[in-house]
Amino acid sequence: MYTQAMDLDRSATPADATFTSEEQAFNARIARDEKIEPNDWMPESYRSTLIRQISQHAHSEVVGMLPEGGWITRAPSLKRKEILLAKVQDEGGHGLYLYAAAETLGVCRAELIDALHSGRAKYSSIFNYPTLTWADIGMIGWLVDGAAIMNQVPLCRCSYGPYARAMIRICKEESFHQRQGFDIVHTLVRGTPEQRRMAQESLERWWWPTLMMFGPHDKDSTHTAQATAWGIKRITNDDLRQKFVDVTVPQAEYLGLEIPDPELRWNPERGHYDFGPIPWDEFWRVVKGDGPCNKERMAARIQAFEEGRWVREAAAAHAAKARARAAAASVASEEAAA
Ligand code: FAQ
């Protein structure tokens, strides 16, 4: 359903005389589609771009646990509760792989988390919207995970090895998440008239924020050109958004739901759906901290971090004791052998 095709042309990556020999060698490796690994030479701006993107991605996963987490106790059956619990745990796991991938670039996790808690680091705009009904849990799986997969499958081929490898497992899990969301919505639309209305109302609230997840239009995107030249980004924001719309409209038709866009129609000349203007004012308001739930989300993250402090301290003390015991045992065995 979600493809990796449509690579951007990176053949223009320069082997320019203004580059140092290290930069030329790096650019040649990128042009050959080789993976860059943590101990390899890389330009500082490549490193900082990756730290920015991977850490924002990690923050999005852990903040993304919150809108659904509140529904674990309210899921309508034991089966739905088990599935949702597993999904939210997966998101926590994705955050951990991604923080670990960012740490391979020489940054420490505590700094990244401090940047999130102090409001210096971004996370995905989508997680600042409230989950008002059970249908919203279906919409998050169907639309938000669907958009996440569309964006993340190409990242499995990102030029930075640890990020690309983390994305492979993440995408497999996101695929399960998308299917469970579609299943919730599919069940609702086959239910009572109230359940169908709940699904339609939820789609109306989530559609435009989901399209915003892909980021600003290419002409307004600060990072796309350079991230593409470095093989970090493989498909632009607008192209991914278009692919998402093209895949999702037939799914909505199958579900009997109406996408809230009067300008949405198939364009046979382009071979794509045309869609209406995205409310970018709302997007930037949310990104700058003034969305419906920004303050609530950050307060919940900080509270969870503080409440987990004793667990981290206990784990660190246990690891220090285990290291000391292993060191003492190794000295004793060397003495016995001497
Ligand atoms: N929200 O120049 P660009 C998920 C910022 S994970 C907030 O186009 P770039 C799983 C951008 O940072 C969802 N800010 O930037 C899940 C930049 O600001 P900066 C997260 C946004 O990096 C599902 C500025 O705008 N996925 O959903 C957003 O080339 C369900 C200019 O933008 C990832 O992070 C936004 N939506 O492209 C979990 C994937 N869009 O940093 C729970 C990896 C843009 O200069 C439940 N990231 N901005 O201050 C990416 O692919 C890219 O970073 C983009 C943005 C495509 C998100």
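In what follows, every heavy atom counts, from backbone to side chain, and hydrogens, waters and symmetry copies are set aside. Throughout, numbering of the chain's residues begins at 1 and tracks the sequence. Ligands are counted one by one from 1 in listed order, and the atoms in each one are counted from 1 as well.
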Please state which protein non-hydrogen atom is closest to atom 50 (C) of ligand 1 and give its distance, to 0.1 Å? Q53 NE2, 3.6 Å
Looking only at the side chains, is there a donor atom on one of T224 and K233 sitting less than 3.5 Å from an acceptor on the other? yes
Partner of L188 under side-chain contact (heavy atoms from CB on, under 4.5 Å), picked from R196, Q195, R197, Q200, is Q195
No-hydrogen, no-angle side-chain donor-acceptor test under 3.5 Å, T187 and R80: yes
Inter- and intrachain pairs under ring pair (Phe, Tyr, Trp, His ring centres under 6.0 Å), touching residues 297-333, at least two apart: H117-F305
Less than 3.5 Å between some nitrogen or oxygen of E91 and one of ligand 1, yes or no? no
What protein heavy atom sits nearest atom 31 (C) of ligand 1, and how far off is it? T222 OG1, 3.5 Å
Counting heavy atoms under 4.0 Å, the part of H177 that contacts ligand 1 is neither
Quick one: which ligand 1 atoms are inside 4.0 Å of a heavy atom on S124? 1 (N), 13 (C), 20 (C), 36 (N)
Within the 4.0 Å heavy-atom cut-off, what V287 brings close to ligand 1 is side chain
Ranked by distance from atom 23 (C) of ligand 1, the top protein heavy atom is D145 OD1, 3.3 Å
Among all protein heavy atoms in this structure, tell me which lies nearest to atom 10 (C) of ligand 1, with the distance rounded to 0.1 Å. E174 OE2, 3.3 Å
I'd like to know if D136 and R205 make a salt bridge, using a cut-off of under 4.0 Å between side-chain N and carboxylate O. yes
Distance only, no hydrogens: is a donor on one side chain within 3.5 Å (strictly under) of an acceptor on the other, for D274 and N267? yes
Ligand 1 and N151, any nitrogen or oxygen pair closer than 3.5 angstrom? yes
Using ring centroids (six-membered ring only for Trp), state whether H186 and W142 fall under 6.0 Å. no
Minimum non-hydrogen distance to atom 36 (N) of ligand 1, winning option of S55, P67, P216, S125: S125
What residue and heavy atom of the protein are closest to atom 40 (N) of ligand 1, and at what distance? G215 CA, 3.2 Å
Within the 6.0 Å centroid threshold, strictly below: Y46 and F26: yes
Yes or no, since that's all I need: does a protein heavy atom fall within a distance strictly under 4.0 Å of atom 54 (C) of ligand 1? no
Under 4.0 Å to a heavy atom of Q152 - the qualifying atoms of ligand 1, by number: 6 (S), 26 (N)
Answer yes or no: does an N/O atom from K87 fall short of 3.5 Å to an N/O atom of ligand 1? no
Roughly how far, to the nearest 0.5 Å, is the CG atom of L264 from the CH2 atom of W207? 6.5 Å
Hey, is H57 touching ligand 1 through its side chain, its backbone, both or neither, going by heavy atoms under 4.0 Å? both
Answer side chain, backbone, both or neither: which part of H94 comes under 4.0 Å from ligand 1, heavy atoms only. neither
Taking N or O atoms only and a 3.5 Å limit, does E68 qualify as a polar contact for ligand 1? no
Any carboxylate oxygen within less than 4.0 angstrom of a Lys/Arg side-chain nitrogen, looking at D246 and R270? no
For the pair D145 and R179, find out whether any cationic side-chain nitrogen is under 4.0 Å from an anionic carboxylate oxygen. no
Heavy-atom nearest option to atom 29 (O) of ligand 1, drawn from K288, K233, R234: K233
So is Q56 polar-close to ligand 1, meaning N/O to N/O under 3.5 Å? yes
Please identify which atoms of ligand 1 are closer than 4.0 Å to at least one heavy atom of M212. 36 (N)
For atom 28 (C) of ligand 1, what's the nearest protein heavy atom and its distance? F283 CZ, 3.5 Å
Atoms of ligand 1 less than 4.0 Å from W284 heavy atoms? 25 (O)
Answer yes or no: is there an ion pair linking K35 with D40, defined by an N-O contact shorter than 4.0 Å? no
Protein heavy-atom partner closest to atom 7 (C) of ligand 1 - residue, atom, separation in Å: Y123 O, 3.3 Å
Please name the residue in the list E61, R301, R297, H57 that meets the side-chain contact (heavy atoms from CB on, under 4.5 Å) test with Y123. R297
Under 3.5 Å: N/O of R52 near N/O of ligand 1: yes
Go through the steps for W266 and H272 under the test ring-ring contact (aromatic ring centres under 6.0 Å, His included), then give the verdict. CA-CA 6 Å; W266 178 251; H272 293 291; 7.1 Å; no
What residue and atom, counting heavy atoms only, is the protein's closest point to atom 3 (P) of ligand 1, and at what distance? S221 OG, 3.4 Å
One finds that the ligand 1 atoms under 4.0 Å from a non-hydrogen atom of V144 are 23 (C), 30 (C)
When you look for heavy atoms under 4.0 Å from ligand 1, do you find them on the side chain of F214, its backbone, both, or neither? backbone
Proximal atoms of ligand 1 relative to N237 (non-hydrogen, under 4.0 Å): 8 (O), 56 (C)
So for ligand 1, is M213 a polar contact partner (N or O within less than 3.5 Å, distance only)? yes
What do we get for F127 next to ligand 1 when only non-hydrogen atoms under 4.0 Å count, side chain, backbone, both or neither? side chain
d(L132 CG, E201 CD) to nearest 0.5 Å is 7.0 Å
Has ligand 1 got any nitrogen or oxygen that is less than 3.5 angstrom from a nitrogen or oxygen of Y163? no
Does one side chain, of Q178 or E174, offer a donor that lies under 3.5 Å from an acceptor on the other? no
Under a 4.0 Å heavy-atom limit, does L240 contact ligand 1 with its side chain, its backbone, both, or neither? neither
Quick one: do E82 and K79 make a salt bridge, cutoff under 4.0 Å? no
Pair H177, D90: side-chain N/O donor-acceptor within cut-off below 3.5 Å: yes
Please determine whether the number of non-hydrogen atoms from other residues, nucleotides or ligands lying under 6.0 Å from atom CD of E258 exceeds 12. no
Are any of the N/O atoms in K122 less than 3.5 Å from those in ligand 1? yes
